[in-house]
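Every chain is numbered from 1, with letters handed out A, B, ... down the list of sequences.
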Amino acid sequence: MSIWELANPVRFMRLSGRVLPYVSVLTIVFLSVGLVWGFFFTPDDFRQGASVKIIYVHVPLAFLAINIYFMMFVTSLIWLIRRHHVSALAAKAAAPIGAFFTLAALISGALWGSTTWGTYWQWDPTLTSFLIMFIFYIGYIALWGSVDEPDKAADLTSILCLIGSVFAILSRYAVNFWSQGIHQGASLSLDKEENISNVFWLPLVTVMTGVFFLFLTLLLIRTRTEIRNRRITALQAREVL
Amino acid sequence: MIPELGRYAFSVLGAWGSSIGLVLIITVISIYRAKVSKAALTALEKQHKGK
Amino acid sequence: MRALLIRELRLALRSGGGAGLGLAFFLIVVILVPFGVGPDSKILAKIAPGTLWIGALLACLLSLDRLFQADSEDGTLDILALSPLPLELLVAVKAFAHWLTTGLPLVIAAPVLAITLSLPGEVYFWLIASLAAGTPALSFIGAAGAAITVGVRRGGLLLSLLVLPLYIPTLIFGAKTATLAAEGGDPMPGLMLVLGLSLFTLALTPFAAAAALRSHLG
Amino acid sequence: MVLRGPNGAGKTTLLRVLAGLIPPQSGKVELRGIALENRDDYQDQITFAGHLDAIKPQLTVAENLRFWADLFDSKTFDQTLQEFRLSEIADRQAHTCSAGQKRRLGLARIAVTARPIWLLDEPTVSLDTETTAQFATLVDRHCAKGGMALIATHIDLALANATELRLEPLSAKARASLPESDPFLTGDWV
């Protein structure tokens with residue numbers, strides 16, 4: 001089976017309907033194990049004390065928030081080039097998830113910052129970039145909401161997403177130029193020994209897997225909703241004629 | 001068993017609470033919207049079959 | 001091509017055009033800042049570059065929503081799309097005309113307003129240079145945003161929401177250039193970055209804008 | 001050729017497809033052997049006028065027409081100005097013109113582009129009977145010179161030798177027999 005067969009709404013509905021239960025179960029398993037492990041069974045950091053526990057919610061959500069935007073970039077590109085409706089609807093479905101994850105990452109990050117840096121907010125490159133990304137998500141969602149014709153809305157939001165991606169990267173460099181950061185680099189490179197030890201790493205990876213599956217579950221649910229809504233409008237339009 | 005959060009209690013619980021809360025909100029919204037659209041579509045399909 | 005440029009300039013300069021309005025708005029925004037911050041000339045001098053840049057950015061935004069909206073409402077856009085010239089070029093010409101009537105007057109007015117904010121003398125050159133290099137980017141990015149929001153419900157409001165985040169890199173590089181000069185640093189890299197960004201948007205955004213307009217025609 | 005038909009029959013859509021503003025949903029568009037995809041050559045043959053006049057009220061009549069003449073590389077600016085009796089109002093701003101004068105200016109734009117095929121969508125809206133008759137003569141003259149015009153209209157234009165093409169909205173039955181192109185309506189959903 002080629003991946004493009006998923007571009008057909010009916011096939012997508014059938015396959016996603018079959019996959020959805022498994023993905024939801026995986027989400028629940030990974031998230032509950034990871035979160036309980038992270039909250040109850042991990043030691044405190046020798047420098048940060050108990051505040052290190054915030055890592056188990058902050059890092060996975062932040063990581064996903066960026067990658068959801070990247071996923072939207074790819075699906076928007078697919079819509080513009082190959083005009084597969086499911087692709088555009090998947091981007092539409094992903095945006096609110098991305099916005100919520102970004103907001104959660106910002107809030108948890110601010111609370112973490114209040115303990116380690118002594119302030120809720122710093123105009124630090126990483127934080128600033130996330131704030132900009134949050135605004136992008138809001139604009140993208142607002143644009144979907146303002147255009148009635150579905151194909152036109154898909155075109156315009158896809159174009160916006162592509163421009164937004166280019167400028168998101170530019171902003172990233174710009175804020176680096178503008179202010180020196182205090183945010184630590186991403187501590188998730190593969191040579192994990194150099195960054196953080198196993199006691200923190202393993203539960204973190206578990207939560208991350210859980211959050212990834214959570215995103216997948218939500219994405220499937222929401223894309224299915226969008227497809228259903230499109231079918232409803234199509235059926236109603238046919239009725240009127 | 002229950003971790004000793006000490007002076008970090010507010011920020012740790014706040015970060016966990018707000019993150020899990022936000023995630024729950026988007027989950028509930030998604031599931032609710034799915035329910036609504038599914039019901040509407042089923043009703044519409046049935047109506048079509050009836051004709 | 002020249003015909004379009006001439007027409008755009010005429011339209012902007014005739015009554016109801018945006019040229020004078022943007023400038024007046026710029027004036028108001030910059031004058032409001034001392035009222036909010038207080039008359040301390042040291043503080044004002046420090047925030048002068050940022051204030052002027054943000055003023056320029058908002059003034060530029062003000063006239064953007066009419067860039068394609070008017071042409072879309074009276075049917076001009078259809079005919080333009082069918083003209084022998086590619087739509088990308090027409091968009092670029094319109095954005096350039098927008099810069100000539102909005103951006104350029106701001107560049108010229110900025111040093112006068114900078115006096116009221118007691119900007120130190122040696123910074124003037126860099127402020128003007130950064131504005132001159134950066135305002136084209138504002139017009140061209142704005143053209144893409146305007147093309148996306150043509151005929152969209154609450155398009156004007158949406159335009160600000162979509163375009164302002166895209167202005168962030170230009171604002172950062174532009175204001176930083178002037179700030180570096182004020183702090184005695186070397187402002188050259190900043191100016192080069194603004195210029196590079198402008199050229200980049202010049203090359204990129206007409207394609208995005210034309211694609212968006214084509215989608216509106218269908 | 002005159003396009004007739006009730007609202008919603010697809011007159012405007014057909015014209016916009018032929019102009020190349022909307023891609024056709026299926027089928028091919030070809031003009032004298034030049035396909036729609038061959039954009040530059042195809043569009044050199046046509047000129048299009050929609051519901052709207054594309055007139056800028058702040059510009060004078062002459063400026064409005066001059067712009068279109070320059071954009072479409074036309075040499076017949078002066079001649080057209082006279083032909084459409086616009087010379088005497090050439091220096092007036094377009095917003096001071098009457099609706100009929102504006103429409104005349106809009107039609108002058110079509111003539112100034114000097115393309116053989118005219119695609120006109122409701123060109124006689126807001127024209128009085130006299131001007132409508134003048135417009136009909138104009139179209140006749142264009143056709144006599146070997147040109148062609150496709151006009152969507154509600155009223156009878158009394159053109160010299162027009163073929164009429166009637167578009168009817170598809171009946172529900174005819175629609176059902178068409179192959180479904182919307183991917184959200186095809187396939188086995190339940």
Side-chain angles (χ1 to χ4, degrees), chain A residues 69 73 76-77 79-81 83 88 95 99 102 123-125 127-181, chain C residues 50 134 137 140-177 179-180 185 189-190 192-194 196-198 200-201 203-218:
Chain A
Y69 198 88
F73 172 80
S76 295
L77 210 58
W79 160 254
L80 286 178
I81 295 172
R83 306 202 80 74
T102 311
W123 286 99
D124 156 273
L127 273 69
T128 313
S129 300
F130 262 80
L131 194 60
I132 297 172
M133 194 163 74
F134 184 63
I135 303 171
F136 270 136
Y137 273 126
I138 301 290
Y140 179 88
I141 297 168
L143 185 60
W144 263 111
S146 311
V147 186
D148 294 324
E149 303 89 327
D151 281 5
K152 198 207 261 184
D155 280 344
L156 297 178
T157 51
S158 296
I159 294 167
L160 176 71
C161 183
L162 298 196
I163 307 177
S165 308
V166 172
F167 277 84
I169 296 165
L170 278 175
S171 300
R172 185 67 233 218
Y173 282 105
V175 288
N176 273 329
F177 177 76
W178 164 71
S179 134
Q180 305 307 320
Chain C
F140 274 80
I141 297 169
I148 288 177
T149 52
V150 178
V152 168
R153 258 180 286 129
R154 286 167 284 126
L157 194 64
L158 201 56
L159 176 69
S160 334
L161 184 61
L162 301 184
V163 164
L164 284 176
L166 301 177
Y167 278 171
I168 291 171
T170 319
L171 172 64
I172 289 177
F173 291 140
K176 187 80 179 179
T177 303
T179 313
L180 276 175
M192 286 295 123
L193 284 169
V194 184
L197 194 64
S198 267
F200 177 73
T201 54
L204 178 88
T205 54
F207 292 95
L213 289 179
R214 282 207 189 90
S215 174
H216 279 293
L217 294 173

So which of T128(A), V175(A), L170(A) actually passes side chain to side chain contact (heavy atoms under 4.5 Å, CB included) with I172(C)? V175(A)
Ranking L158(C), L171(C), L180(C), I168(C) by heavy-atom pairs under 4.5 Å to chain A gives rank one to L158(C)
With a 4.5 angstrom heavy-atom cut-off, is it the side chain or the backbone of L164(C) that approaches chain A, or both, or neither? neither
Just give me the residue among T157(A), L162(A), L143(A), V147(A) that pairs up with chain C most often, heavy atom to heavy atom, under 4.5 Å. L143(A)
Closest non-hydrogen contact found for G164(A) with L166(C) is CA-CD2, 4.2 Å
Nearest 0.5 Å, what's the OG1-CZ distance between T170(C) and F167(A)? 6.0 Å
D148(A) and R153(C): CA distance, side-chain angles, deciding distance, salt bridge (Lys or Arg N to Asp or Glu O under 4.0 Å) verdict: CA-CA 9 Å; D148(A) 294 324; R153(C) 258 180 286 129; 2.3 Å; yes
Top contributor to chain C contacts, counting heavy-atom pairs under 4.5 Å, from I132(A), D155(A), L156(A): L156(A)
Going through the distances and angles, do F136(A) and L162(C) end up as a side-chain contact (heavy atoms from CB on, under 4.5 Å)? CA-CA 7 Å; F136(A) 270 136; L162(C) 301 184; over 6 Å; no
Please assess Y173(A) against L193(C) for the test side-chain contact (heavy atoms from CB on, under 4.5 Å), listing each intermediate value before the final yes or no. CA-CA 11 Å; Y173(A) 282 105; L193(C) 284 169; over 6 Å; no
Where does L160(A) contact chain C at under 4.5 Å (heavy atoms): side chain, backbone, both or neither? both
Interatomic distance, D151(A) atom CG to S215(C) atom OG [nearest 0.5 angstrom]: 8.5 Å
Select, from G151(C), A144(C), P169(C), P165(C), the one with the greatest count of heavy-atom pairs under 4.5 Å involving chain A. P169(C)
What part of A208(C) lies closer than 4.5 angstrom to a heavy atom of chain A: side chain, backbone, both or neither? both
Can you say whether T179(C) sits under 4.5 Å from chain A via the side chain, the backbone, both, or neither, judging by heavy atoms? neither
Against chain A, label I148(C) side chain, backbone, both or neither, depending on which of its atoms sit under 4.5 Å from a heavy atom there. both
Distance in Å, K152(A) NZ paired with R214(C) CZ, rounded so as to fall on 0.5 Å steps: 15.5 Å
Salt bridge (Lys or Arg N to Asp or Glu O under 4.0 Å) with R172(A): which residues, sequence neighbours excluded? none
